[in-house]
Amino acid sequence: MATKMTLAIVWMFMLTWHCPVISYRKIQHGMKDSEIRRDHAEQDYYRDARSTECRRCCDPGEYASQDYPQYRIVPQINITLLKGEKGEVGERGAYGKPGRTGQMGPPGSSGTKGSKGSMGVPGEPCKSSFAAFSVARKKGLHSNHYYQTLTFDTEIVNLYGHFNMFSGKFYCYVPGIYYFSLNVHTWNQKETYLHVMHNEKDVVVLYAQPSDRSIMQSQSLMLELESGDQVWVRLYKGERENAIFSDEIDIYIIFNGHLIKHKDEL
């Protein structure tokens with residue numbers, strides 16, 4: 001009987017040594033959550049330690065029958081040795097959308113001065129497309145010759161200088177239809193006799209008989225001119241004295257002309 005009791009005590013001692021007793025604490029009122037979590041972690045640890053057995057993969061048993069993957073030596077292929085020949089150039093793709101315009105950069109440095117170029121071909125003379133003039137005379141004039149050219153001393157308008165103030169003649173550089181007008185003031189008791197000339201031909205006359213009163217007289221006309229033609233005014237001396245009146249203050253004698261239509265537009 002004593003022997004049986006001794007064996008029972010030995011078996012209980014061995015069982016207790018092999019399976020450690022997990023101490024449990026009753027959750028008391030007022031325990032913190034951290035203490036409760038720690039107790040649970042200890043319980044799980046002892047439970048896992050009791051149920052887990054340490055085995056080696058080389059031990060006989062159920063692990064020996066398992067097939068473990070075997071390592072293989074995979075050959076490495078050098079891709080550069082298998083590179084083919086260069087292919088043909090493909091077609092050019094479509095242009096993309098233009099980007100935003102960038103900011104203008106700083107100006108570059110000045111380059112070296114180049115060599116002098118050769119002389120160019122002579123150009124055509126300057127061509128005027130219009131002509132106009134308005135000239136006046138501030139001094140009275142008595143006709144001392146049979147024919148006397150009327151000259152002017154005041155230039156009001158002389159576009160491109162087509163009216164020559166020294167000769168008293170308008171020179172046509174732009175062919176076409178022109179309008180001309182002549183205004184003079186007669187002299188008391190003297191005859192006023194003038195011609196508007198086209199080249200050497202008298203075209204119209206401006207005439208006033210001698211009178212006790214001086215009056216303003218005018219004449220106007222249109223002429224078709226060619227390049228190089230001349231238009232001017234002359235005094236004609238007949239049996240009586242011919243004169244036109246003016247003074248240094250007011251203008252009484254005026255000769256005007258301008259192009260109406262160019263010859264190319266006719």
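Predicted model, so just to flag it, every value in this text is computed and none were measured.
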Angle class for the His185/Tyr252 ring planes (parallel below 30°, perpendicular above 60°, tilted otherwise)?
perpendicular
Quick one: pull up CZ in Arg213 and CG in Asn188 and give me the separation to the nearest 0.5 Å.
10.0 Å
Output the distance between atom CD (Gln148) and atom OG1 (Thr151), rounded to the nearest 0.5 Å.
8.0 Å
Could you check whether any side-chain N or O of Trp232 sits under 3.5 Å from a backbone N or O of Tyr171, counting only pairs where one atom can act as donor and the other as acceptor?
no
Report yes if some heavy atom in the side chain of Ser220 is under 4.5 Å from a heavy atom in the side chain of Tyr179; otherwise report no.
yes
Please lay out, stage by stage, how Leu221 and Val203 fare under the test side-chain contact (heavy atoms from CB on, under 4.5 Å).
CA-CA 9 Å; Leu221 74 159; Val203 183; 3.6 Å; yes
Atom of Gly140, atom of Trp187 and distance for their closest heavy-atom approach:
CA-CZ3, 4.4 Å
Can Val204 be reached from Val184 by stepping across I, L, V, M, F, W or Y side chains whose heavy atoms are under 4.5 Å apart?
yes
For Ser143 and Leu235, the nearest pair of non-hydrogen atoms, with its separation, is CB-CD2, 4.0 Å
Between Gln219 (side chain) and Val205 (backbone), is there a donor-acceptor pair under 3.5 Å?
yes
May I ask you to decide if the ring planes of Phe152 and Phe255 are parallel, tilted or perpendicular, using 30° and 60° as cut-offs?
parallel
Would you kindly confirm whether Leu223 and Leu266 end up in one hydrophobic cluster when ILVMFWY residues are joined by side chain heavy atoms under 4.5 Å apart?
no
Shortest non-hydrogen separation from Ser227 to Pro175 and the atoms involved
N-CB, 4.0 Å
Show your reasoning for whether side-chain contact (heavy atoms from CB on, under 4.5 Å) applies to His262 and Val174.
CA-CA 7 Å; His262 197 281; Val174 185; 3.2 Å; yes
So do the side chains of Leu150 and Ile244 get within less than 4.5 Å of each other, counting heavy atoms only?
yes
Can a salt bridge be assigned to the pair Lys263 and Glu226 using a cut-off of 4.0 Å between side-chain N and carboxylate O?
yes
As a quick check of understanding, evaluate side-chain contact (heavy atoms from CB on, under 4.5 Å) for Val196 and Leu206, giving each step before the final call.
CA-CA 8 Å; Val196 177; Leu206 187 153; over 6 Å; no
When rounded to the nearest 0.5 angstrom, what is the spacing between NZ in Lys169 and CZ in Arg234?
10.5 Å
Students often mix this up, so state it plainly: with edges at 30° and 60°, are the rings of Phe180 and Phe133 parallel, tilted or perpendicular?
tilted
Taking the basic N atoms (NZ, or NE/NH1/NH2) and the acidic carboxylate oxygens, is any pair closer than 4.0 Å for Lys138 and Glu248?
no
Tell me, yes or no, whether the heavy-atom count around Glu224 atom CD, taken from other residues, nucleotides or ligands under 6.0 Å, exceeds 12.
no
Kindly state whether the ring of Tyr160 and the ring of Phe130 have centres lying under 6.0 angstrom apart.
no
Pair listing, ring pair (Phe, Tyr, Trp, His ring centres under 6.0 Å) test, anchored in residues 200-223, at least two apart:
Tyr193-Tyr207
Show the nearest heavy-atom pair for residues Ile253 and Lys139, with the distance to one decimal.
CD1-O, 4.2 Å
Between Ile254 and Ala136 the two heavy atoms that sit nearest each other are CG1-CB, 4.2 Å
Is the shortest side-chain heavy-atom distance between Tyr178 and His258 below 4.5 Å?
no
Ile251, Leu141: one ILVMFWY side-chain cluster at the under-4.5 Å cut-off?
no
Between Arg137 and Thr154: side-chain donor-acceptor atoms closer than 3.5 Å
no
Show the numbers, then the answer: is there a side-chain contact (heavy atoms from CB on, under 4.5 Å) between Met165 and Glu155?
CA-CA 8 Å; Met165 298 294 292; Glu155 185 179 74; 3.9 Å; yes
So, Thr186 side chain and Phe245 main chain: donor-acceptor pair closer than 3.5 Å or not?
no
Side chain of His195, backbone of Met197: donor and acceptor closer than 3.5 Å?
no
Between Asn256 and Val135, which heavy-atom pair has the shortest distance, and what is it?
OD1-N, 4.4 Å
Are Leu159 and Leu225 connected into the same hydrophobic cluster when the rule is that any two of I, L, V, M, F, W, Y join if their side-chain heavy atoms are below 4.5 Å apart?
yes
Ignoring hydrogens and geometry, is there a side-chain-to-backbone donor-acceptor pair from Asn199 to Asp229 under 3.5 Å?
no
Is a donor from one side chain sitting under 3.5 angstrom from an acceptor on the other, for His142 and Asn242?
no
Straight-line distance of Ser218 OG to Leu182 CG, nearest 0.5 Å:
8.5 Å
